[in-house]
Amino acid sequence: MGFKVGLGYDVHRLGKDRKLIIGGVDIPFELGLIGHSDADVLIHAIMDAMTGAAKLGDIGKLFPDTDPQYKGISSLKLLKEVYDRIVEKGYTVVNIDAVIVAQKPKMRPHIPQMEENIASVLEMDTEDINIKATTEEELGFTGAMEGISAKAVCLLEKAVQK
């Protein structure tokens, strides 16, 4: 057996006339994240952690923002595609730990649903997915509410070859 760890990071600018979707949850807020897909920073960070651990490159390589098929796509659909590639390589996801960095809105009420959404796609127990949220005490671009970022780590286990 072999274990692999991956680290992921993503950031998107906040803007008007966009939905705020984080962890597959549509969060009521006056601003949303700007991006080619649904701009779900949490799912993007998790996918980058997974692809990094499995040496699949990054999500920009797998799902380029120049490709019209990904315009407005749900990041949960992209997560499923990453998961399928991980399984094809003989890995299982052991656990995920992630943090959302946002001054507003409060994430805590939405975290259980985020964990459920991710667990469902990755065919995991929610006990193996931990999502946290923090502010940056009004410092930096997230503190100034210019954007939201997320960081994630993922542990993969390679199945024993017989």
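We number each residue from 1, following the sequence as shown.
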Practice item. Determine whether L156 and V87 fall in the same hydrophobic cluster, where Ile, Leu, Val, Met, Phe, Trp and Tyr are linked whenever their side-chain heavy atoms lie under 4.5 Å apart. Key: yes
Check your understanding: Same hydrophobic cluster for F63 and I21, using side-chain heavy-atom links shorter than 4.5 Å among ILVMFWY?
Key -> no
**Study point:** From CA spacing to verdict: side-chain contact (heavy atoms from CB on, under 4.5 Å), L78, I59
**Key:** CA-CA 9 Å; L78 300 178; I59 62 172; over 6 Å; no
Practice item. Identify, with sequence neighbours excluded, every residue that meets salt bridge (charged side-chain N to carboxylate O under 4.0 Å, His left out) alongside D125. Key: none
Review point. Are a donor atom and an acceptor atom from the side chains of T51 and D58 found within less than 3.5 Å of each other?
Key: no
Practice item. Before accepting this row, confirm whether a basic side-chain N of the pair E81/R85 lies closer than 4.0 Å to the acidic partner's carboxylate O. Key: yes
Exercise for review: Kindly work out whether a path of hydrophobic side-chain contacts (I/L/V/M/F/W/Y, heavy atoms less than 4.5 Å apart) joins I129 to V121.
Suggested key: yes
Exercise for review: Taking the six-membered ring of Y9 (Phe, Tyr or Trp), confirm whether the NZ or CZ of K151 is under 6.0 Å from its centre and within 45° of its axis.
Suggested key: no
Practice item. Indicate whether the side chain of T142 and that of Q103 have a donor and an acceptor atom separated by less than 3.5 Å. Key: no
Review point. Side-chain donor-acceptor pair under 3.5 Å between H44 and D10, yes or no?
Key: yes
Exercise for review: Flag the pair L20 / I148 as yes when at least one side-chain heavy-atom distance between them is below 4.5 Å, and no otherwise.
Suggested key: yes
Review point. So does K71 pair up with D65, basic N to acidic O under 4.0 Å?
Key: no
**Study point:** Under 3.5 Å: donor-acceptor pair, side chain of H12, backbone of L33
**Key:** no
Exercise for review: Following the transitive rule for hydrophobic clusters with a side-chain heavy-atom cut-off under 4.5 Å over Ile, Leu, Val, Met, Phe, Trp and Tyr, establish whether V153 and M114 coincide in one cluster.
Suggested key: no
